[in-house]
> 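After the structure tokens below, expect a handful of questions from me.
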Amino acid sequence: MICDPTGIRAIKDAMETLNGSWKLPILFSLSGGAKRFKEIAREVEGISDKMLSKELKDLEANHLVCRTVYDTFPPTVQYQVTAHAETLYEVMKALRDWGQNHRKKIIGK
């Protein structure tokens, strides 16, 4: 791997887009298909509704999540990953695998 300014900028851009503890777990939750807000909140343990709302807005602004509002009463809102977000699947899989191996190494579980 060669260290150059373009590569460093690309890594910085990626880290800024996916910053925080919640964006990748939210995307991982949505990788199984479209979900409503409360379904995501149940799967992503520990996230508050306020934080989930903020993170979903950020993901939508970065074209990683699509929000669809259905004309029902009350309105039904679903979130799903975009084709752009699907390009992150290999990265998320690699991070998941690394995290599992790291946990085993550090705490033996």
Side-chain angles (χ1 to χ4, degrees):
M1 195 171 337
I2 298 173
C3 177
D4 64 31
T6 304
I8 291 171
R9 181 66 199 169
I11 289 173
K12 188 171 184 241
D13 288 346
M15 296 303 294
E16 286 176 4
T17 301
L18 301 171
N19 69 352
S21 302
W22 301 112
K23 287 186 178 76
L24 286 174
I26 291 167
L27 290 172
F28 196 75
S29 170
L30 290 171
S31 68
K35 291 189 172 82
R36 295 178 67 175
F37 186 91
K38 285 297 183 183
E39 291 175 298
I40 302 166
R42 277 191 295 274
E43 286 188 3
V44 181
E45 293 180 20
I47 193 168
S48 69
D49 286 354
K50 183 178 177 180
M51 181 58 74
L52 178 56
S53 179
K54 177 197 168 300
E55 296 292 53
L56 285 167
K57 286 177 186 173
D58 286 350
L59 290 167
E60 188 176 9
N62 281 293
H63 305 276
L64 298 173
V65 168
C66 176
R67 179 180 185 265
T68 306
V69 180
Y70 295 96
D71 189 19
T72 59
F73 185 81
T76 302
V77 179
Q78 282 192 327
Y79 298 90
Q80 64 189 51
V81 294
T82 63
H84 184 50
E86 290 174 359
T87 64
L88 282 169
Y89 285 174
E90 290 300 315
V91 173
M92 289 191 301
K93 182 183 177 307
L95 282 170
R96 181 201 63 201
D97 294 346
W98 186 88
Q100 288 171 339
N101 290 331
H102 180 65
R103 175 174 287 272
K104 286 177 191 172
K105 182 170 184 67
I106 299 300
I107 61 175
K109 291 183 180 181

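Just so it is clear, the structure is predicted and the values come from calculations on it, not from any experiment.
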> Going by heavy atoms in the side chains, are Asp13 and Arg9 under 4.5 Å from each other?
yes

> For residues Val81 and Leu59, determine if any side-chain heavy atom of one lies less than 4.5 Å from a side-chain heavy atom of the other.
no

> Closer than 3.5 angstrom, by distance alone: can the side chain of Thr87 be matched with the main-chain N or O of His84 as a donor-acceptor pair?
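A pair under 3.5 Å: yes.
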
> Could you list the donor-acceptor pairs under 3.5 angstrom formed between side-chain atoms of residues 88-98 and any protein atom two or more places apart in sequence or on another chain?
| from | atom 1 | to | atom 2 | distance (Å) |
| --- | --- | --- | --- | --- |
| Lys93 | NZ | Asp97 | OD2 | 3.0 |

> Would you please name every residue forming a side-chain hydrogen bond (donor to acceptor under 3.5 Å, both in side chains) with Ser48, sequence neighbours left out?
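Per chain and number, Ser48 pairs via side-chain hydrogen bond (donor to acceptor under 3.5 Å, both in side chains) with no residue.
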
> Can you tell me how far the CG atom of Asp58 sits from the CE atom of Met51, to the nearest 0.5 Å?
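One gets 9.5 Å once the value is rounded to the nearest 0.5 Å.
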
> With rounding to the nearest 0.5 Å, note down the distance linking CG in Leu27 to NZ in Lys23.
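Reported to 0.5 Å precision, the distance equals 9.5 Å.
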
> Under the criterion side-chain contact (heavy atoms from CB on, under 4.5 Å), I'd like the reasoning laid out for Lys105 against Asn101: C-alpha separation, chi angles, the key distance, then a yes or no.
CA-CA 6 Å; Lys105 182 170 184 67; Asn101 290 331; over 6 Å; no

> Distance check, rounded to the nearest 0.5 Å: Ile40 atom CD1 versus Leu56 atom CG?
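Ile40 CD1 to Leu56 CG: 5.0 Å, rounded to 0.5 Å.
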
> On a heavy-atom basis, which atom in Val44 and which in Ile47 lie closest, and how many Å separate them?
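In this case the closest contact between Val44 and Ile47 is O-CG2, 3.1 Å.
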
> Could you check whether any side-chain N or O of Asn62 sits under 3.5 Å from a backbone N or O of Leu64, counting only pairs where one atom can act as donor and the other as acceptor?
no

> Could you pull out every donor-acceptor pair under 3.5 Å between side chains of residues 29-36 and any protein atom, sequence neighbours left out?
| from | atom 1 | to | atom 2 | distance (Å) |
| --- | --- | --- | --- | --- |
| Ser29 | OG | Glu43 | OE1 | 2.6 |
| Ser31 | OG | Phe28 | O | 2.6 |
| Lys35 | NZ | Ser29 | O | 2.4 |

> If you round to the nearest 0.5 Å, how far is CG of Leu24 from CG of Asn19?
10.0 Å

> State plainly whether one hydrophobic cluster holds both Phe37 and Val69, where clusters connect Ile, Leu, Val, Met, Phe, Trp and Tyr through side-chain heavy atoms under 4.5 angstrom apart.
yes

> Any donor-acceptor pair under 3.5 Å linking the side chain of Thr76 with the backbone of Tyr70?
no

> Could you tell me which non-hydrogen atom of Lys38 sits nearest to which non-hydrogen atom of Asp49, and how far apart they are?
NZ-OD2, 2.7 Å

> Do Val65 and Lys57 have side chains that get closer than 4.5 Å, going by heavy atoms?
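A side-chain contact is absent here, since even the closest heavy-atom pair is not under 4.5 Å.
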
> Is the closest side-chain heavy-atom distance between Lys12 and Met15 below 4.5 Å?
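A side-chain contact under 4.5 Å is absent here.
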
> CD of Glu16: more than 12 outside heavy atoms within 6.0 angstrom?
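Yes, enclosed.
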
